[in-house]
Amino acid sequence: MIKTMLGAAGTPALAVETVPALREVRVGEVLDGVVEIEGGVAALHIARVTLDLVVRALIHPDPRRQPDGEGAAGEGEDAPEPHHGLIMIAAETIATDLTLDPGQLLALPFAIEIPAHAPLSLGVSTAGLRTRVEVDGAQDGADGDAIRILPDRWTGAVLDAMEHLDFRLAEAEVEHVPGDPCPFFQTFVFRPMSLRDLRVECVDIAFRPRDHGVHVDLVVDNRGSLFTAAREGRVGLDIDDELLDMGADAVADLLREEIDRLKGPIVA
């Protein structure tokens, strides 16, 4: 819970506090809470109160933009580089056209749905609520509050299965490509901890939401040896209710089979 004093030159300050009901919420669920706004020494007119769900991501240049009006994006010395920043993945207007009297306390309830494509709060990936208050005669003020986005049951089953198979989560990067049909892409990189997977450099997993399940893009990066070159194998898997209903080990058994197949036979 973060309390922020907002104000501008010639405008009495007001205090904004964002209070989510929970600090953790699963993908696809609704996060409830309240935004508390306390007036200052004079009456204010609030044009709009907006709640944004934001995540930290690696932002790639928009491929539709052309630097200097020539060539494709990414060409030339002036092409922008990828950089980390906050990206909005959902927004909700919770109030408009309010009058805030001196010292008055407003409690504005909110309910924001966590979209199916929301990146999970794992590794360096972070998420938060950003409350923006537009006050007449002042610039937007913003109050922030961190939350954790947890996986749905299908994604969670895959992550649990990888841990069961002795793979450690080493990295979880969120990437954003403006204009892409799927604007957010989160990759999970797992490193093997067992001698059984000694030939495996890492396993990359990405999820794409489906109705009543997820599609898993599984990539196995194999180490090279004295007689063989490093190589990569990939497969797509669908994780749904039918698979989960087969028992706790069903997902782990499927992943084990595919990882063993993609890492190939031992070469002397």
Side-chain angles (χ1 to χ4, degrees), residues 22 24-32 52-60 63 87-92 111-128 147-165 167-190 200 202-221 232-263:
L22 299 171
E24 298 182 340
V25 60
R26 294 194 179 276
V27 168
E29 295 182 346
V30 175
L31 179 63
D32 299 314
D52 302 333
L53 176 62
V54 297
V55 297
R56 183 172 175 79
L58 179 64
I59 305 171
H60 292 270
I87 296 296
M88 183 176 65
I89 62 174
E92 187 79 23
I112 187 167
E113 183 176 356
I114 309 302
H117 63 268
L120 306 181
S121 300
L122 294 173
V124 298
S125 175
T126 57
I147 62 169
R148 283 179 52 82
I149 299 178
L150 304 178
D152 54 38
R153 62 192 301 258
W154 310 287
T155 303
V158 174
L159 298 175
D160 290 344
M162 290 298 291
E163 182 179 358
H164 178 72
L165 296 175
F167 284 87
R168 176 182 58 85
L169 180 63
E171 182 181 349
E173 178 74 277
V174 181
E175 299 183 57
H176 170 61
V177 180
D180 192 277
C182 184
F184 303 98
F185 188 81
Q186 187 172 28
T187 303
F188 300 87
V189 180
F190 293 87
V200 176
C202 65
V203 175
D204 296 350
I205 290 181
F207 299 96
R208 286 181 287 168
R210 294 283 190 269
D211 290 338
H212 309 293
V214 294
H215 181 82
V216 178
D217 293 316
L218 178 72
V219 180
V220 177
D221 291 324
E232 176 184 284
R234 62 178 61 233
V235 68
L237 304 171
D238 288 317
I239 309 298
D240 53 21
D241 289 335
E242 182 179 355
L243 181 62
L244 297 191
D245 290 342
M246 294 173 61
D249 295 332
V251 176
D253 291 343
L254 175 61
L255 293 175
R256 179 76 272 172
E257 178 182 351
E258 292 299 331
I259 291 172
D260 285 346
R261 182 179 66 84
L262 293 174
K263 72 184 182 183

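Scanning both residues, H176 and A57, for their nearest heavy atoms gives CB-CB, 4.3 Å. In terms of heavy atoms, S125 sits closest to L120 at OG-O, 2.9 Å. Listed here is the closest heavy atom pair of V54 and M88: CG1-CA, 4.0 Å. The shortest non-hydrogen separation linking P151 to R26 is O-NH1, 2.6 Å. The two residues Q186 and A172 have their closest heavy-atom pair at NE2-CB, 4.3 Å. Residues I147 and S121 approach most closely at O-OG, 3.9 Å, considering heavy atoms.
Applying the side chain to side chain donor-acceptor pair (under 3.5 Å) criterion to D32, with sequence neighbours excluded, gives no partner residue. With sequence neighbours excluded, no residue satisfies salt bridge (Lys or Arg N to Asp or Glu O under 4.0 Å) with E92. Here A161 pairs with V251, A252, L255 under the side-chain contact (heavy atoms from CB on, under 4.5 Å) rule; sequence neighbours left out. Applying the side-chain contact (heavy atoms from CB on, under 4.5 Å) criterion to E163, with sequence neighbours excluded, gives no partner residue. Applying the side-chain contact (heavy atoms from CB on, under 4.5 Å) test to A250 and every residue at least two apart in sequence or in another chain returns L243, M246. With sequence neighbours excluded, no residue satisfies salt bridge (Lys or Arg N to Asp or Glu O under 4.0 Å) with D160. Under the rule for a side chain to side chain donor-acceptor pair (under 3.5 Å), H164 has no partner lying at least two apart in sequence or in another chain. Under the side chain to side chain donor-acceptor pair (under 3.5 Å) criterion, E171 pairs with no residue at all, not counting sequence neighbours. Remark: D221 pairs with no residue by the salt bridge (Lys or Arg N to Asp or Glu O under 4.0 Å) rule, at least two apart or across chains. In this view, F207 and F188 satisfy the ring-ring contact (aromatic ring centres under 6.0 Å, His included) rule, not counting sequence neighbours. Contacts of R168 classified as side chain to side chain donor-acceptor pair (under 3.5 Å), with partners at least two apart in sequence or in another chain: none.
Rounded to the nearest 0.5 angstrom, T187 OG1 and D217 CG are separated by 9.0 Å. Here the straight-line distance linking atom CZ of R208 with atom CG of D238 works out to 9.0 Å at 0.5 Å rounding.
A side-chain hydrogen bond (donor to acceptor under 3.5 Å, both in side chains) check over residues 247-259, counting only residues at least two apart or in different chains, returns the pairs D197-R256, R256-D260, E258-R261.
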* To do: For side chain to side chain contact (heavy atoms under 4.5 Å, CB included), just list the numbers for L53 and L31, CA-CA rounded to whole Å, side-chain angles, deciding distance to a tenth of an Å, and then say yes or no.
  => CA-CA 10 Å; L53 176 62; L31 179 63; over 6 Å; no
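For the pair F167/I259, a side-chain contact is recorded, criterion being any heavy-atom separation below 4.5 Å from C-beta on. At least one side-chain heavy atom of L122 sits under 4.5 Å from a side-chain heavy atom of L159. At a threshold of 4.5 Å between non-hydrogen side-chain atoms, the residues I239 and L254 count as touching. You'll find the side chain of M162 stays beyond 4.5 Å of the side chain of L169, heavy atoms only.
Heavy atoms of other residues, nucleotides or ligands lying less than 6.0 angstrom from CD of E242 number 12 at most.
Panel note: side chain D152, backbone W154; a donor-acceptor pair is recorded below 3.5 Å. Of the possible polar contacts, none joining the R234 side chain to the L218 backbone as a donor-acceptor pair under 3.5 Å is found.
Of the listed residues (I114, L150, V30), just one forms a side-chain contact (heavy atoms from CB on, under 4.5 Å) with V25, and that residue is I114.
Taking 4.0 Å as the cut-off between side-chain N and carboxylate O, D241 and R153 count as a salt-bridged pair. Of the charged side-chain nitrogens involved, none lies within less than 4.0 Å of a carboxylate oxygen, so that R210 and D240 do not count as a salt-bridged pair.
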